[in-house]
Amino acid sequence: MLRETNSLKKLLLIDGNSVAFRAFYALYKQLDKFKSPEGLHTNAIFTFKNMLDVLLKNIQPTHMLVAFDAGKITFRNKMYADYKGGRDKTPNELSEQLPIIKELLAYLGIKSYELSNYEADDILGTMAKMGTDLGFEVTIVTGDRDLTQLAGEHVTVMVTKKGVNDLEIYTPKHMQEVYGVTPKQFIDVKALMGDASDNYPGVEKVGAKTASKLINQYGSVENLYEKIDQIKASKIKEYLIRDKNNAILGKKLATIDCTSPVDLKIDDVKLQAQQLTQLRSFYERLGFKKFLSELPDVEEIDNKVQDECHYEILDKDNLSEIFATDFDHISFNLEMIGDNYHLAQYAGFSVKIKQKIYVCDDVTLLQETPLKKILEDKNIAKQVFDLKRNYVGLQRLGITLFNVTDDIMLASYIADSENNAGDLGVLANSYQEFYVQSDEIIYGKGKKQHSVDVDTLYAHMATKVDVLDKLKAKIMPELQQHEQLHLYKNIEIPIAVILAKMEIAGIKVQATTLVKMKNDLDVRITDLKNKIYQLAGEKFNINSPKQLGVILFEKLKLTPAKKTKTGYSTSVDVLEKLEYQSPIVADILDYRQISKIQSTYINGLLDYIQADGKIHTRFLQTLTTTGRLSSVEPNLQNIPVKLEEGKQIRKAFVPCKQDSYLFSCDYSQVELRVLAHVSHEKNMLEAFKEGYDIHAHTAMKIFGLSNLDEVTPLMRRHAKAVNFGIVYGISDYGLAKNLGISRQEAQNFINNYFEQYPQIKDYMKAAVKLAREKGYAETIMHRRRLLPDIHNKNFNIRSFAERTAINSPIQGSAADIIKIAMIKMQSELERRKLKTKMILQIHDELLFDVPSEELDLIRTLVPEIMQQAAQLDVPLIADANWGHNWYEVK
DNA sequence: AGAATCACG
DNA sequence: ACGTACGTGATTCTT
C-alpha cells in the first residue's frame with residue numbers, strides 16, 4: 001500500500017552547501033575528467049547525486065529539503081563583522097555547479113530552499129523543529145559538525161567523514177560518549193574554544209579538551225561565568241575572565257536559530273514524483289551515462305502516456321457516429337473552472353467509452369441527443385470524480401445525471417478520510433499516476449489564475465476521465481476488504497445526489513430583513529465604539545487583539561489572565577473574568593458580539609444571496625475526518641442560535657412560498673445515545689430507555705443523589721459538561737477549563753462518573769486498545785479513521801490520537817445515522833411525490849421547506865424516519881419544530 | 001499565510 | 001510528569 005503512516009513520517013534535511021563542498025573535494029582529483037559536453041565541471045553534481053541515491057535508499061524519507069546559504073552576509077555578521085572572514089572564496093569550479101545541483105533537485109522532486117540573511121544551518125534547525133513537532137523522525141546530513149547541536153530523541157545528525165558516503169552518526173548518546181557533553185552544550189564548548197573556520201576566537205588557551213571539561217562541570221557558559229569565583233586561581237581562569245566577551249559572542253554565533261522565518265509548510269517539502277523527461281535530457285546534457293542507464297525507459301513511458309490519453313475531439317458532426325455502438329458504462333467529467341460549481345464557468349467535458357476518450361470544449365453539445373440521453377439513461381452506469389459537482393453542473397444545463405455507480409472522490413475518502421483531495425490530479429499523484437495534473441497547475445490559483453489553450457485543456461480533461469479506471473482498480477479492493485462497499489454504494493453515493501438536490505433547492509433569505517438589522521446594528525456599534533474610546537481615553541482598533549491588549553492590560557492595568565503566542569489573550573472567557581474590574585470590559589464584549597453578527601452574518605450572508613433570492617451553500621462531503629459534512633460559501637451550519645441577539649438573524653431565513661413552513665427535526669442527544677450503545681453501559685442504557693433527562697440523571701449519579709428532584713441547575717450544568725467531555729476523550733484539565741472549576745474538582749467529577757458508569761470507562765480503554773491493534777477507529781457503518789499516531793513516541797501526539805480513537809466512532813456513527821435518515825427521507829419524499837424539500841443538514845438536525853398542506857404529514861413522517869434510521873440498544877428520539885421563519889422554529 | 005476570535009454541532 | 005477537551009468555517013488583523 002502506498003499510503004504513508006505517521007509512524008513512518010521521515011524528514012530528511014540536507015545542508016546543501018556543505019555537502020556540495022565535500023562532494024566537490026571528494027572528486028577533486030577527477031575534476032578534469034568530470035566535464036559535460038558543454039565543458040561544465042560536474043564532479044560535485046555527480047557525487048551529490050550519488051549521495052542522494054544512497055540516502056534515499058537507506059533512509060526512505062517521505063519529506064525532504066536541501067537548504068543552501070543565500071549569500072555571504074547573514075544576521076551573524078551584524079553581531080560579528082568578521083564572521084567567517086578570511087575564508088577562501090568558494091572555487092569557481094564549485095560555485096558554477098551549485099545552480100545545477102538545485103536544478104537536479106527540482107527534477108528529482110526534492111525541495112531546495114534558501115533564505116537571505118540566514119545560513120543553511122538555521123533553515124535546517126527550523127525545519128528540524130517543525131518536523132519533530134509534527135511527529136517526524138528527522139535526519140540531518142551535513143559536512144559541518146555545528147549541526148550536531150540539533151541532535152535529539154527524534155533528530156539524528158549525520159556528518160560526512162571521508163568523502164560523502166561515509167557518515168558519522170550523532171545521537172545525544174553518541175555525543176555524550178565522544179564529547180562528554182549534550183548536543184546543546186556543544187555550543188558552549190565551541191563558544192569557549194572558538195572556531196577557526198568561522199573565524200571567531202573564543203578563549204585563549206582553551207581548546208577542545210579544556211572546554212569540554214569546563215562545560216561538563218558547569219553545564220553552560222553562563223553558569224561558568226556565574227560561578228567563576230569558585231574556580232581556583234589559574235592561568236585558565238585569567239584567560240576566561242579576560243576573554244569573557246569572546247565566549248559570550250561565540251555562543252551567540254554558534255547557536256543555530258530554530259525560529260528563522262522559513263516560509264515553508266511541511267507539505268511543501270513532501271517528496272514529489274521525479275520528472276523523468278526532464279531528468280533524461282538533464283543527464284544527457286551533463287553526460288551522465290550512469291544515471292541515464294538507471295532511468296526507467298522514459299521513451300516507453302512517454303509513449304504509453306500518450307497512448308493512454310489519445311483522445312478525439314467531439315463535434316456536432318461526429319457525435320452520433322461515435323455513440324452508435326453498444327455500451328453499458330462510461331467515465332464522465334464535466335470540467336468547470338473554480339470551486340463553486342453553482343456559479344462556475346464551464347470549460348468543457350470528457351467521456352471515456354470502451355477505452356476511447358472524447359473531449360469537447362462546448363458543453364451545449366451535452367444538451368443534445370445522444371449525450372443528454374446517455375447521461376439521463378438509468379441503465380448506463382457512470383463513473384465520475386465528484387458526483388455532486390458533476391450533478392449540479394449538469395443540472396444547470398438542464399440535464400439530470402442518473403445511475404452514477406462510482407465516484408472516485410468518495411471512494412478515496414472512504415479508503416482514507418484524510419484523503420480529502422477534492423482534486424483528481426492530486427489524488428492520482430498520490431496513487432502514483434503522475435500523468436494527471438492538478439487543476440491548480442493547469443489553471444493556477446487565486447490571483448494567478450490564467451486561461452489555458454485548448455490543447456492543454458483537452459489533454460487535461462482526457463487524463464481525468466482516463467485515470468478513473470486505474471484509481472478504481474486500486475481503491476475498490478481495499479474498500480471490499482474493509483467491508484466498506486455498503487458505506488460507499490448505499491450511503492455516500494446516494495448522499496451526494498441528495499446533497500446536490502438540497503444545494504440546488506437552497507434556502508430563501510430576505511435581504512430586506514438583514515438590511516434592516518444592519519442599520520440598527522450600525523447605530524449600536526457606533527455607540528459602543530464611542531463609549532469604549534471614552535473609557536479607554538483614546539481611539540484604537542477594537543478589532544485588533546494586540547491593540548486591545550495594550551489598552552486593557554497596560555493602560556488600564558487590568559490583570560491579564562492568559563497569554564497567547566503573540567501576546568495577551570482577550571478572548572471571551574478572559575474578558576468575562578475581568579468584567580468587574582472595569583465597565584469597559586462589558587462594552588467590549590457587547591461590541592465583539594454585535595460586530596461578529598454584523599460582519600459574518602449580515603454582511604457575509606447578504607453577499608451570498610443569489611438572483612433567485614436564495615442562498616445555495618455547498619456541503620463538503622469529503623472534508624471531515626469523522627464523516628460529518630461541512631458547509632461553505634456560506635457556512636449554514638453555524639447560524640447563531642444560542643444567544644438571542646444572534647438568533648434574530650434566523651428571522652431572515654424563510655420558506656420559498658409565503659404560507660409554507662420551515663420545519664426542523666433534530667436528534668436528541670445522538671452522540672450520548674451512540675456512546676451508550678457502543679459501550680453497553682447499563683446505567684446509561686437504562687436512563688435512555690426510561691426517557692430520563694440524561695444530564696440530570698448523570699448529575700444525580702455523580703453527585704450521589706437518590707432522586708432526580710434533588711438535582712440543581714448548577715449540578716445539571718456540570719454533569720452536562722462531563723457528558724460532553726466524555727465524548728471528547730475527557731481530561732481533568734479540559735473539564736476544569738470548560739467549567740471554570742479547579743482541576744481537582746474536575747478530577748473528582750470524572751472519578752465519580754467512571755464509578756457510576758463503569759462500562760464507559762471500559763469502552764474508552766477498549767477504543768484505544770483497538771486503535772493500537774488495528775491502526776484505525778471505526779463507526780457502526782465501518783467508516784474508518786486511520787490513527788497511525790496512536791504509536792507515536794511524542795506524548796502529545798499520541799494522546800491526541802487516543803482521544804480521537806474514543807471520539808471518532810461516536811461522532812462518526814452519529815454522522816452515519818443522520819446520513820441514513822436523509823436517504824430514507826429523500827426516497828420517501830420522492831416516492832410520495834411530495835413538494836416538501838429537504839434543504840439543510842446541521843449534524844443532528846434536518847431542515848425542510850414544507851408547503852402548508854403537507855405539514856401534518858411531515859410532522860409525523862420526518863421524526864418517524866429519523867428515529868428508525870438505525871437500530872441501537874437505545875431508542876433514537878427526534879424532536880420536530882416548525883414556523884414561518886427559522887427564528888420561529890423552536 | 002497564520003493567528004486570534006467566535007459562530008455552530 | 002508530560003499539556004489537554006471532539007468536529008467544523010468566516011472574519012479580521014498582522015506579518
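Letters go in sequence order (proteins before strands), and every chain restarts at 1.
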Query raised in the report: Using a cut-off of 4.0 Å on non-hydrogen atoms, how would the nucleic acid contact of A:E845 be classed: base, sugar-phosphate, or nothing?
Result: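 It contacts nothing in the nucleic acid.
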
Query raised in the report: For A:K565, which contact category applies under a 4.0 Å heavy-atom criterion: base, sugar-phosphate, or nothing?
Result: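 Result for A:K565 = sugar-phosphate.
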
Rounded to the nearest Å, what distance is computed from the [atom1] atom of residue [X] to the [atom2] atom of nucleotide [N]?
| X | N | atom1 | atom2 | result |
| --- | --- | --- | --- | --- |
| A:Y728 | C:dA5 | OH | C1' | 8 Å |
| A:F724 | B:dC8 | CZ | P | 13 Å |
| A:L623 | C:dG7 | CG | P | 12 Å |
| A:L606 | C:dA10 | CG | C1' | 15 Å |
| A:R592 | C:dT11 | CZ | P | 17 Å |
| A:L548 | C:dT12 | CG | C1' | 13 Å |

Query raised in the report: Should the pair A:D573-A:K562 be classified as a salt bridge under the 4.0 Å nitrogen-to-oxygen rule?
Result: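 Looking at A:D573 and A:K562, the cut-off is met.
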
**Report entry** Side chain A:Y753, main chain A:V722, donor-acceptor under 3.5 Å
**Finding:**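 No, because the side chain of A:Y753 does not come within donor-acceptor range (under 3.5 Å) of the backbone of A:V722.
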
Query raised in the report: Watson-Crick or G-U wobble partner for C:dC2, using a 3.5 Å limit on both distances?
Result: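 Result: none.
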
Report task. Evaluate the ring pair (Phe, Tyr, Trp, His ring centres under 6.0 Å) criterion for residues A:H63 and A:F136: first the C-alpha distance (whole Å), next the side-chain angles of each, then the deciding distance (0.1 Å), finally the verdict. Result -> CA-CA 9 Å; A:H63 294 63; A:F136 281 75; 4.7 Å; yes

Query raised in the report: Hey, mind stepping through A:K761 and A:E755 against salt bridge (charged side-chain N to carboxylate O under 4.0 Å, His left out) and telling me if it holds?
Result: CA-CA 9 Å; A:K761 189 175 189 179; A:E755 252 174 55; over 6 Å; no

Query raised in the report: Mapping A:R803 and A:R798 onto DNA chain C by nearest heavy atom, which one lands closer to the 5' end?
Result: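 Counting from the 5' end, the first nearest nucleotide belongs to A:R798.
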
